[in-house]
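First comes the structure, then the notes that go with it.
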Amino acid sequence: MQEAHSENFPTYIQNNEMKEISLSHTIQSVQTLIEKARQSEQKDDFGRSLEWINEAFQSLTRYRNIPKIAPLEADLYQILSQIYLKRQDFPKLEESINPLLDLSRQLEDGEREAWALLNLGIVHSINSDYKSAITLFLESLEKSESLGYRANVANCLINIGNVYANLYNYEDALDRYRIALNDYADVLSENIRVATNLNIGNLKHTAEQYELAVEYFEKALFSAEKAGKIDMMAHAHTLLSRTLLVIGDIQKGIFHAQKASEFMLDRVSSATGRQINLLNLAQIAFIQADTEGATQIAIQGIAAARRVHDDASELRGFRLLAKIFESVKDFRRAYRAQLIYSRRQADFLKMQRSLHALDLEIRYSLSEKQRKIEALTKENSYQALLLEQSGQIAQQNEQLRQFAFITSHDLKEPLRMIGTFTQIIHNQYEGKLGEESGTYFKFINEGVNRMNALLDALLQYATIDKNIIGPEPVDVGDVIRIARANLNLKIEETDANILCLDMPTINSVQSLLTQLFQNLIGNAIKFRQPLGRPIILISTEEQAEHWLFSVEDNGIGIDSKDAERIFTIFQRLHKRTEYEGTGIGLAICHKIVSQLGGRIWVESELGKGSTFRFTLPK
């Protein structure tokens with residue numbers, strides 16, 4: 001038996017090696033197919049992309065349930081979901097999103113999970129399951145905000161706004177749209193920006209704020225033209241025409257209706273807003289006394305509205321038909337059109353009341369959930385729950401603090417001894433160890449001083465969130481005056497001119513704000529132009545949900561490629577011989593702003609100064 005075992009053992013190893021080689025080859029092959037599928041999807045060549053995806057899935061069939069395969073499957077399901085989302089094939093989108101959601105949770109891929117939750121919410125919203133949709137959007141929003149996934153935050157806000165608009169809760173819908181457009185403009189795609197402006201315009205039109213509606217429709221049209229989006233241009237022209245006809249600007253209304261018709265000519269069945277444009281044309285024909293043409297086009301518009309379940313346009317069509325028949329004294333047909341209009345309007349109002357009740361139910365559920373959270377917070381149970389959910393993060397933070405204290409206390413003592421005994425040796429043997437000994441001792445002392453400064457800065461960074469008193473009203477002007485006083489020696493040495501505009505009083509933590517402004521002002525002074533006088537302007541701007549602060553200087557500036565890197569701990573852009581420092585100052589600023597619920601970034605160009613901006617919630 002032993003001899004047989006010794007003969008089979010090498011074969012067993014060889015088979016395993018062959019399996020590993022085969023798996024490695026398959027992974028490489030599938031990675032190539034994924035890249036091809038992704039490129040085809042981005043070019044909207046969906047047929048070719050689906051071919052690559054099917055081939056990749058077939059290659060993975062024999063390796064299912066192997067951990068190495070899960071990331072590849074997640075990539076494939078995400079591309080598949082993007083294809084179905086673009087094609088608006090929502091049943092198939094749901095089929096691909098569910099396994100993607102499971103895989104992202106298995107892989108602990110937070111961003112992909114947030115994206116999957118968002119798109120699953122879109123599926124439920126399309127199916128009019130608004131309660132499930134809003135729950136999924138809020139879960140995705142919370143996860144995205146915690147990850148700093150700003151593009152997904154913006155999409156969540158817009159989709160939440162869409163749900164509220166469908167529930168005729170226009171106030172909350174507008175609130176979400178405005179936050180997305182004002183606070184997340186930098187991450188919004190042109191398509192989403194156009195669609196959001198169209199949505200706001202529609203809400204303004206419904207509220208009979210026609211001038212504002214025209215303004216938003218024109219913004220949408222401008223963005224759509226800039227991006228070359230034909231379908232969106234057609235829809236913007238259509239909605240502009242509808243509103244202009246209401247306010248009596250007939251010539252402009254005709255112009256935009258004709259433009260919409262030109263764009264929709266090759267998109268007869270799929271053009272967005274075709275039913276609205278047909279009713280615009282019918283209204284124009286009626287204004288021009290072409291009652292026969294108006295009748296035929298209005299009937300086409302009603303049929304198109306029914307196909308896409310646009311109840312509001314169907315109502316508009318029957319009301320227009322009643323006016324047309326009344327104008328030619330065909331009172332029998334006018335009565336029938338008016339009767340259908342009245343019945344449809346009653347059904348429409350009943351549906352509106354039902355959706356309004358659903359909106360109240362959703363808002364009650366959310367407020368009840370918030371009330372429970374607040375109650376838990378008061379009893380410290382909520383903190384325990386958060387700690388349980390983020391135990392790993394808390395453990396890592398505590399380890400970091402412990403490390404910082406060890407480095408501060410335990411390592412600084414031997415450093416002090418090194419510095420002390422080096423000085424003693426230098427004093428005893430000065431002039432006896434050769435000419436270079438003084439230079440060597442200088443290097444040792446400088447190294448000890450740098451290490452001490454580094455340990456102090458590391459401790460400061462690690463304990464920012466330790467022993468912080470809760471937010472209270474803070475006069476930011478006073479904070480800046482304290483920061484200036486702490487930097488008074490540097491300010492006088494460099495003749496720095498610090499200009500501070502009116503500052504608000506906000507709910508925050510004074511000690512952290514002082515540290516934040518002191519670091520930013522100190523940085524502006526440190527990185528001044530070699531022969532110039534530092535000029536620093538501190539300003540603020542009130543926005544919808546937060547305060548935006550700016551610290552602008554005329555210093556040496558920062559290369560755009562380093563704009564993100566500078567906030568990473570221990571990152572330096574200059575040699576120590578050029579500028580002193582530990583490379584932790586801006587990392588501290590970043591951590592403080594994050595701790596206070598905001599974000600920080602820099603806008604700069606080499607040689608032309610820098611502007612550090614950060615937000616703090618109201």
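Residue numbers count from 1 along this sequence.
A salt bridge is defined here as a Lys NZ or Arg NE, NH1 or NH2 lying under 4.0 Å from an Asp or Glu carboxylate O, and Arg38 with Glu41 fails to meet this definition. Under 4.0 Å is where a charged nitrogen must lie from a carboxylate oxygen, and between Lys618 and Glu545 no such pair does. Using a cutoff of 4.0 Å between basic side-chain nitrogens and carboxylate oxygens, Arg528 and Asp495 are not scored as salt-bridged.
Donor-acceptor pairing under 3.5 Å is lacking for the side chains of Asn199 and Thr196. No hydrogens or angles considered: nothing links the side chains of Asn152 and Asn155 as a donor-acceptor pair under 3.5 Å. A donor-acceptor pair shorter than 3.5 Å can be found between the side chains of Asn488 and Glu492.
With a 4.5 Å cut-off on side-chain heavy atoms, Val479 and Val474 count as touching. Between Asp44 and Lys86, the closest side-chain pair of non-hydrogen atoms falls below 4.5 Å. At a threshold of 4.5 Å between non-hydrogen side-chain atoms, the residues Phe217 and Asn197 do not count as touching. A 4.5 Å side-chain heavy-atom check between Leu80 and Gln82 finds every atom pair outside the cut-off. Using a 4.5 Å heavy-atom cutoff, the side chains of Val194 and Met233 are not in contact. Inter-residue side-chain proximity for Leu93 and Ile126 is flagged as unmet; no heavy-atom pair is nearer than 4.5 Å. Residues Lys143 and Tyr149 form no side-chain contact, since every pair of their non-hydrogen atoms from C-beta on lies 4.5 Å or further apart. The shortest side-chain heavy-atom distance between Ile536 and Asn497 does not fall under the 4.5 Å cut-off.
Note that NZ of Lys229 is 15.5 Å distant from NE2 of His235, once rounded to the nearest 0.5 Å. Atom CG of residue Leu85 and atom CD of residue Gln78 lie 11.0 Å apart, to the nearest 0.5 angstrom. We find the OG-CG distance between Ser125 and Leu118 to be 10.5 Å, quoted to the nearest 0.5 Å. Distance check, rounded to the nearest 0.5 Å: CG of Leu198 to OH of Tyr216 gives 12.5 Å. Atom CD of residue Glu139 and atom CD1 of residue Ile134 lie 13.0 Å apart, to the nearest 0.5 angstrom.
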Sequence neighbours left out, cut at 3.5 Å: what donor-acceptor pairs do the side chains of residues 608-616 make with other protein atoms?
unit_1	atom_1	unit_2	atom_2	d
Ser610	OG	Ser604	OG	2.8
Arg613	NE	Glu603	OE1	3.0
Arg613	NE	Glu603	OE2	3.2
Arg613	NH1	Ser550	OG	2.6
Arg613	NH2	Glu603	OE1	3.1
Thr615	OG1	Arg599	N	3.1

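Shown here are the side-chain hydrogen bond (donor to acceptor under 3.5 Å, both in side chains) partners of Asn486, two or more places apart in sequence or in another chain: Gln518.
Annotation: Asp502, atom CG; neighbour count of heavy atoms from other residues, nucleotides and ligands within 6.0 Å does not exceed 12.
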Side chain to side chain contact (heavy atoms under 4.5 Å, CB included) assessment of Ile97 paired with Val123: CA-CA 10 Å; Ile97 281 290; Val123 172; 5.5 Å; no
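Taking the ring axis of Phe222 as reference, the NZ or CZ atom of Lys219 does not stay both within 45° of it and closer than 6.0 Å to the ring centre.
Formation of a donor-acceptor pair under 3.5 Å by the Ser140 side chain with backbone atoms of Leu136 is not found in this model.
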